[in-house]
Protein chains: 2
Amino acid sequence: MINARKPHRSGRPRAGEGRLSREAILRAALRIVDDEGVDAMTMRRLASTLGVNPMSIYHHLPNKAAVFGGLAELVFADLESAPPREDVPWQEELKAAARAYRDALRAHPNLALQILSDTSAVSEVVVTTVEPFYRALDRGGLASRQIFEAVNTIVDFIHGFMLGETAVRADTFELAPDLLDRVDNLPAGKAPTLSRVVRDLGREGLHYDFDTGFESALTVLVHGIQKTWT
Amino acid sequence: MINARKPHRSGRPRAGEGRLSREAILRAALRIVDDEGVDAMTMRRLASTLGVNPMSIYHHLPNKAAVFGGLAELVFADLESAPPREDVPWQEELKAAARAYRDALRAHPNLALQILSDTSAVSEVVVTTVEPFYRALDRGGLASRQIFEAVNTIVDFIHGFMLGETAVRADTFELAPDLLDRVDNLPAGKAPTLSRVVRDLGREGLHYDFDTGFESALTVLVHGIQKTWT
DNA sequence: ACCTGAACACCGTTCAAGT
DNA sequence: ACCTGAACACCGTTCAAGT
């Protein structure tokens, strides 16, 4: 219970004292989520951080879901300012859009899962956030329907990727101890190809690097879009 | 509180009466999740369905997270029996693996999000479940490292796709009313390409079909893998 | 209009006690 | 060994009352 202030006594806030506002509440909520994770972000905890009665929050946001919805906005707000770049091939522009999108989610790892699983938050925010993808693919000469499908594919990939990335703390993690063990403990012949691949990679020191994995996937996706639709 | 049985009186279960077991608990839990969603699946509710004291469950599973972990196993268990098929090109085998993986998750839409966001559940289960992907790509002639990256890309895509698909009830939903409205309400010039594409699609009746979107993405991914690594 | 206090209907889990 | 009952330390939210 760090940062807790005494609740006001009843009635209007004293003059000069910062009053509660949607923005102040969301800022405090984001801090809690970033520092301690989504489970720590309870309405009671949030109120205590703000030095306020739990119920006061409900005058600015209708419920807890709305708090997380507001946080989704906050996270994607950083993303809207990416400037058009016509000095690189459209393929590079597309990759840049994907990297920016990933970075926005990565800036608040504890929040990513919450955002990705909140339908209304995602759809609300994705709309205003995908323009760079659309622009790049438009420059690539794709038809509207193709642009639409391609963007969905890339965005879905990024979401799935972030699910994995934000679930793990480090940028790089050793699959070897974990994965090799598990594969070795499988009944013989259960997953022969998987076993062989994992052992092959084990030799070169099986570590997984998220940046490399992301770039590798972007290459595949861009190649695929090109081959399918240009 | 449908299906609730009277709790036993204290002591051992009467002879002949089905005793509590990990399996019976998980089956009941899956039923609750499928019927009423993850939020309804509380330990107390689960116990009441089983006609048992809430604490009895803890003798078979250490906590609530373990219950959901067990459910993840259950869902993926259906997947392990897919037979090798060498009568189709490796590209088709790869797509078939992806479709089977999606179907397994789709069979329990309410559980999908829970599974996807549970790191330990996913990693535990994915290992035994990805062999068909590995086999297909091996037949495609990719090197171990490339197989590894390609599988990660596809699986991440499927996860992201399922995030979207399971968040929405219907197989098909009309983007038009929602999306068109939202795009029209954007400040002029904010997202010109997105606006144009959405209006283009609006003309042909902008509905989104998950099956079509999934197949379209598979084509892109397979093409991309081919172009990048073969 | 904005904030508070008490209360309601829940949670997951620990712990000691029953048989 | 397996199950129970009571209790602990929480939740989100409603509602009536304060200023």
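A note on names: the letters A, B, ... follow the listed sequences, proteins ahead of strands, and every chain is numbered from 1.
For B:Met41 and C:dC11, the CE to C1' distance is 12 Å, given to the nearest whole Å. Rounded to whole Å, the distance from NE2 on B:His59 to P on D:dT4 is 9 Å. Rounded to an integer number of Å, the gap from A:Arg44 CZ to C:dT4 C1' is 13 Å. Atom CD in B:Glu36 sits about 16 Å away from atom C1' in C:dC10, given to the nearest Å. Look at CD1 on B:Ile57: it is 13 Å from C1' on C:dC11, rounded to the nearest Å. At whole-Å resolution of the value, CG in B:Leu46 and C1' in C:dC10 are 16 Å apart. Rounded to an integer number of Å, the gap from A:Lys64 NZ to D:dT14 P is 14 Å. In this structure, OH of B:Tyr58 is placed 19 Å from C1' of D:dA1, rounded to the nearest angstrom.
D:dC2 and C:dA16 have their C1' atoms separated by 15 Å, with the value rounded to a whole Å.
Separation of atoms CE (B:Met43) and OG (B:Ser48) is listed at 13.0 Å; rounding is to 0.5 Å.
With hydrogens and angles left out, the side-chain atoms of A:Arg45 and A:Thr49 include a donor and acceptor closer than 3.5 Å.
Base pairing in DNA chain D yields stems of at least 3 consecutive Watson-Crick or G-U pairs, both distances under 3.5 Å, namely C:4-8 with D:12-16, C:12-16 with D:4-8.
Considering all non-hydrogen atoms of both residues, B:Ser216 and A:Glu149 come closest at OG-CB, 3.5 Å. Taking both residues in full, the closest heavy atoms of B:Ala47 and B:Pro54 are given as CB-CA, 3.3 Å, listed atom of the first, atom of the second, then distance.
Nucleic acid contact for B:Met43: sugar-phosphate only, since backbone atoms but no base atoms lie under 4.0 Å from a heavy atom of the residue. Residue contacts shown for A:Ser56 include a base, since a base heavy atom lies under 4.0 Å away.
The side chain of A:Thr42 has D:dC11 as its nearest neighbour among D:dC11, C:dT13, C:dT4. Taking every side-chain heavy atom of A:Met55 into account, C:dG5 is the closest of C:dG5, D:dG12, C:dT13.
Partner A:Phe133 forms a side-chain contact (heavy atoms from CB on, under 4.5 Å) with one of A:Leu94, A:Asn152, A:Ile147 and no other, that one being A:Leu94.
Ring centers of B:Tyr101 and B:His159: under 6.0 Å apart, within the cut-off. Taking the six-membered ring wherever Trp is involved, the centroid distance between the rings of B:Phe210 and B:Phe214 does not fall below 6.0 Å.
Closest-nucleotide positions on DNA chain C for B:Asn63 and A:His60 were compared, and the one nearer the 5' end corresponds to A:His60.
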